[in-house]
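For reference, the structure is listed below as structure tokens.
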Amino acid sequence: MISSSDINHKILSNGLELLWLRMSEAPVVAVQVWYRAGSSCESENKRGIAHIVEHMMFRGSARFASEEHTRRIANIGGHCNAFTAEDAAAYINAVPAENLELLLELEADRMHGLASDKETFETERKVIVEEYHQYMNNPVGRSFLEYRSIFFDKTPYQVSPLGRIENIMSVTHEDILAYHSAHYSPANAVLAIAGDIPPDDEFLDKVAKHFASIPAGTALSTATSAFVLNKPEQNLIHRRITFDVPILLAGYAAPSASHPDTMALDVAGMVLTHGETSRLNREIVRKKQIAIMAGGTNNFLRHAGMTMFFAIHTPDVSGKKMLDALASEVEHLAGGVSEEEIDKTRLAALTSRLFDTGSAELVCQSIARAHVIDGDYSAWFRRLERLAALDAKAVADAAARWWNPQNRFVLQLEPERMNIPAYFMGLARRFIPRGAS
Amino acid sequence: MNRCQLLPQYTEEILSNNLHVIWIEDRSRPAAIFSIQFPSGGLHEKRGYEGIAELASALAPLSGGNGPGSFPYVIEHNGAELSSDLSGEYLRYTVRMRQAAIGEIVPATWRMATSPVFSKNDFRRLRSEMQTSIMTESAEPSVSGQKHFQCELYGDTAAGRHPCRPSLSLIKQADICSWQSVNMVPNGAVAILAADMPLDEMRNSFGPLFASVKSEAATHEKIVLNDNKNGAIRLVDNPTLTQTSLFIGHQAPGETHEDHLPLSFANYILGGGTFQSRLMTVLRSRLGKTYGIGSRISCARAHGAFSIQTTTISESLPEVLDAIFGVYREFHEKGITQKELDEARGFATGHLAFDVENLSAKIDKLQMISFLGRDREWFESLPERFAALTTDGINAAIRRHLSRERFTICAVGKAAQIKPALEKYGNPAVLNFRAPIVPSTGR
């Protein structure tokens, strides 16, 4: 299995960080460019610009016409995409290995500069508005955006990478070019390459040929400064939405991605939510039969984080009862975790790693993400070692520090009209005598 | 990519109980994959019992509850990963594991898949979960729209019916047990085991286990579909939506039809090839009228559907419909160009490397090849068959199988706003978005 010593790291003279890893299982190569230019870099009246620039990166650069990036890659059987997150904008590509240089050429050209016209920009703005509406037409998604804006109030994470519609409509073509020029530079980027790549001399020559002459630009700070999350005035918001079953979401303030508690919280999260034998499933779904389903996830960002647990339940169970049951399980974890539960998560992580390393794209994304968000590419590899060394007390202590009532903020979503069949279905499920197991 | 070995070396055999087994010795990492596929799926459900295949497939992995000794416990406490894939025609379980756990996981998975035992509580719980999931679909226009579209496309047949509250309420625990005992049987199934161990040892360790369960083969009635040549329009009214989700299409040949390959290439050029497709180029890149538009040929073995799907702000619907039909008419009348064929061929050939990038992908491919009744030769000669395709051949397939004007259309959006745009194409039947997703009556 690959290890952190298999990864090569080099910084070009213009500041571009290069990570590469040779994998020989299949004749494919993945190339990704991660810019430290996520939505948290946006100024207050331009929320959404990072995402717009991501779209415009496919709309033409000096040597490649609009959509030519995608077309050239598709014509050789490869694929490409991009996404904008809070802390980074990432461009991902994979092609048959003999075409590595094409990807370098394409990515270098659009790092160097955009070359779209205003008309194309206005067309792409309409596409982004369509994307925005697609998200907002989902009542649960829309409520969640409101929830996160309160959760991350007065921090750069308050607005999701999707942005604000009024800002999306007011951003100009000049703003886009200026944002690109300020953020999309070698000094602010990580180029990660994994797969069936040529010997180092040849490989490094190719990279230098395409990237070395790009002016360095200004490096944005890579330091992590933990955002202080403001405690909302109320620890619960309640909304009625066009949805047929109630949903309860309990969020807890969580640490930043590089904080030492993240590993313990990941394990704690798995103890609660991973699989049929997890605590939430065992206790509130199967034993108490209060929730229809329950789960959760940790989202550790560069400067702060959010842990979310959710439960979907029938209308015969009140939101308060659901919250009491869910929060009790989550916060009870501070009381202790068994070695058996931790072993389960260790083995799951090991299995997952064994298979993830069969995909050049997954490996590439994992090391690039670790470098840009966690601060060090080797964090992805060290994860298994840290997991092996983790003990039950550390997990319980981290849970106690972060998942407590003071850190909790709840979103309660109720159907705007009572769903009668769901109500009786819930009653029947809870109160009709159980059959033999 | 010229002809080369794309698939791993494997050994296959038919055991005495008619289970087809493929053994793969894979020394790339200390890991193993076990996959078993039964040739039974949602299309084989009895009328009125829609959802039984999904419930049965979800209940089997709960064998024994969740305490020590149960299947979930064995899987999760060994860190293994179970996935299940239920289609209209097959049910597949795949388990990925560390090699060290193979002795415990493979026998447990075999027992789960061929002799599942689940509790009444789990039956009731999963049925509630499925009923809840169905309720939540109404908030997801792309999901509910796809189902409404299939209802109109296939009418009151196995392909046009979906699980719903009444059908799920009708299903009893005994029905599930009966479905499992008839359909989840070794006879006619395909099992693949890839492991980091010598082939002989693998066969000696697990061959007797796989041969130990005898059964009749599952038999299914021939799937008969309504031939809805005249098309129909269904409008699903949700007054809260600002966008319309649109589905347009008609029935098409299945996966095993001789024209499937040329039609797949035609579809790639029209709307399957993401950004470089004709529909995406016009509707998104040129007009900015949608975040995404695509066409696809979705297939069972013997039947399929051609469809175009998109979402657009509702005010734009008239213009979007005109643009879609404009692109489609030109595609149908003038056919594809040599340049487009060359590009599609480049994609299909180059993409084979990703189809078999790792062991998981290779096993998926082997299961599909086996399911379609094909072999290694068929898969590895794909580059030659791609090379043999011509524009004339593809254009002839378009004319043979893609309709010029008869379409089934389904739109999910605000009826008061979008009905006039749809009336240009016929008389839409209007349903409330909370109404059950069922085929139209009167076919």
Side-chain angles (χ1 to χ4, degrees), chain A residues 1 25-28 66-67 70-71 74-78 94-96 123-127 130-131 133-134 136-140 242-245 274-277 282 285-286 289 292-293 312 314 344 346-352 354-355 357-360 419 421-422 425 429 434-437, chain B residues 1 28-31 62 65-66 72-73 76-81 96-98 119-121 124-125 128-129 131-132 135-136 138-141 165 240-243 273-276 281 284-291 311-313 343 346-354 356-360:
Chain A
M1 196 155 64
E25 204 167 334
V28 299
S66 176
E67 307 294 7
T70 312
R71 187 180 296 272
N75 289 349
I76 51 173
V95 290
T123 303
E124 198 60 34
R125 192 205 303 271
K126 291 186 203 165
V127 172
E130 289 283 351
E131 187 182 358
H133 279 278
Q134 212 161 303
M136 298 305 271
N137 269 298
N138 181 319
V140 179
T242 312
F243 198 67
D244 276 345
V245 286
H274 182 67
E276 274 296 314
T277 59
R282 212 173 57 210
V285 176
R286 294 179 74 109
Q289 304 205 4
I292 296 287
M293 56 184 98
I312 298 178
T314 45
K344 190 180 105 170
R346 285 190 188 114
L347 292 175
L350 185 57
T351 305
S352 165
L354 279 168
F355 289 99
T357 50
S359 160
N419 184 321
M425 189 177 80
R429 183 170 160 247
R434 295 181 197 177
S437 292
Chain B
M1 187 182 280
S28 64
R29 47 178 50 78
L62 300 183
N66 68 351
Y73 189 93
E76 291 171 17
H77 283 73
N78 276 295
E81 300 171 353
R96 307 200 303 181
M97 70 205 90
R98 295 168 298 116
S119 70
K120 185 165 188 175
N121 286 338
R124 284 170 47 195
R125 176 168 72 88
S128 299
E129 195 177 305
Q131 286 171 323
T132 309
M135 288 174 199
T136 63
S138 63
E140 197 55 70
R165 213 164 46 78
T240 67
L241 297 178
T242 57
Q243 282 180 316
T274 62
F275 278 89
Q276 67 277 19
T281 301
R284 175 170 161 154
S285 303
R286 202 175 298 162
L287 299 174
K289 290 294 178 191
T290 182
Y291 177 58
T311 301
T312 187
I313 289 176
E343 290 180 349
F347 173 79
T349 310
H351 198 263
L352 286 171
F354 293 98
V356 291
E357 186 188 356
N358 49 46
L359 189 57
S360 303

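A, B, ... follow the sequence lines: proteins, then strands. Residue 1 opens every chain. Atom set for the values below is all heavy atoms of this structure, side chains included, hydrogens, waters and symmetry mates excluded.
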If you measure from [atom1] on [X] to [atom2] on [Y], what distance do you get to the nearest 0.5 Å?
| X | Y | atom1 | atom2 | result |
| --- | --- | --- | --- | --- |
| L359(B) | L354(A) | CG | CG | 11.5 Å |
| R124(B) | Q289(A) | CZ | CD | 6.5 Å |
| T132(B) | D244(A) | OG1 | CG | 10.0 Å |

Portion of [X] that has a non-hydrogen atom of chain B nearer than 4.5 angstrom:
| X | result |
| --- | --- |
| A360(A) | both |
| T357(A) | both |
| V140(A) | neither |

Residues that R346(A) engages under salt bridge (Lys or Arg N to Asp or Glu O under 4.0 Å), provided they are two or more places apart: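 Applying salt bridge (Lys or Arg N to Asp or Glu O under 4.0 Å) to R346(A) gives E339(A), D343(A).
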Side chain [X], main chain [Y], donor-acceptor under 3.5 Å:
| X | Y | result |
| --- | --- | --- |
| E67(A) | Q276(B) | no |
| N78(B) | L347(A) | no |
| E131(A) | Y291(B) | no |

Which of the residues [options] is involved in the greatest number of heavy-atom pairs with chain A at under 4.5 angstrom?
| options | result |
| --- | --- |
| Q131(B), E357(B), E129(B) | E357(B) |
| T311(B), T290(B), T281(B) | T290(B) |
| R98(B), R165(B), M97(B), Q243(B) | Q243(B) |

Can you tell me if E76(B) and T277(A) form a side-chain donor-acceptor pair at under 3.5 Å?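 Side-chain D/A pair, E76(B) to T277(A): present.
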Need one label for A139(B): side chain, backbone, both or neither, based on atoms under 4.5 Å from any heavy atom in chain A.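 Both parts, backbone and side chain.
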Please classify the contact of T242(B) with chain A as side chain, backbone, both or neither, using a heavy-atom distance under 4.5 Å.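 When you check distances to chain A, atoms from both the backbone and side chain of T242(B) fall under 4.5 Å.
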Does a side-chain heavy-atom distance below 4.5 Å link E130(A) with R284(B)?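 No, too far: nothing below the 4.5 Å cut-off.
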Is the closest side-chain heavy-atom distance between T123(A) and S285(B) below 4.5 Å?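 T123(A) does not reach S285(B) side chain to side chain.
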Leading residue by heavy atom contact count with chain B [cutoff under 4.5 Å; candidates A26(A), P139(A), A348(A), G358(A)]: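 Highest number of pairs under 4.5 Å: G358(A).
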Option that, when pairs with chain B are counted at under 4.5 Å, heavy atom only, ranks first among I312(A), V245(A), I76(A):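 Top count of heavy-atom pairs under 4.5 Å with chain B: I76(A).
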Just to verify, what does Y73(B) make a ring pair (Phe, Tyr, Trp, His ring centres under 6.0 Å) with, not counting sequence neighbours?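 In terms of ring pair (Phe, Tyr, Trp, His ring centres under 6.0 Å), with neighbours along the sequence ignored, Y73(B) is linked to H77(B).
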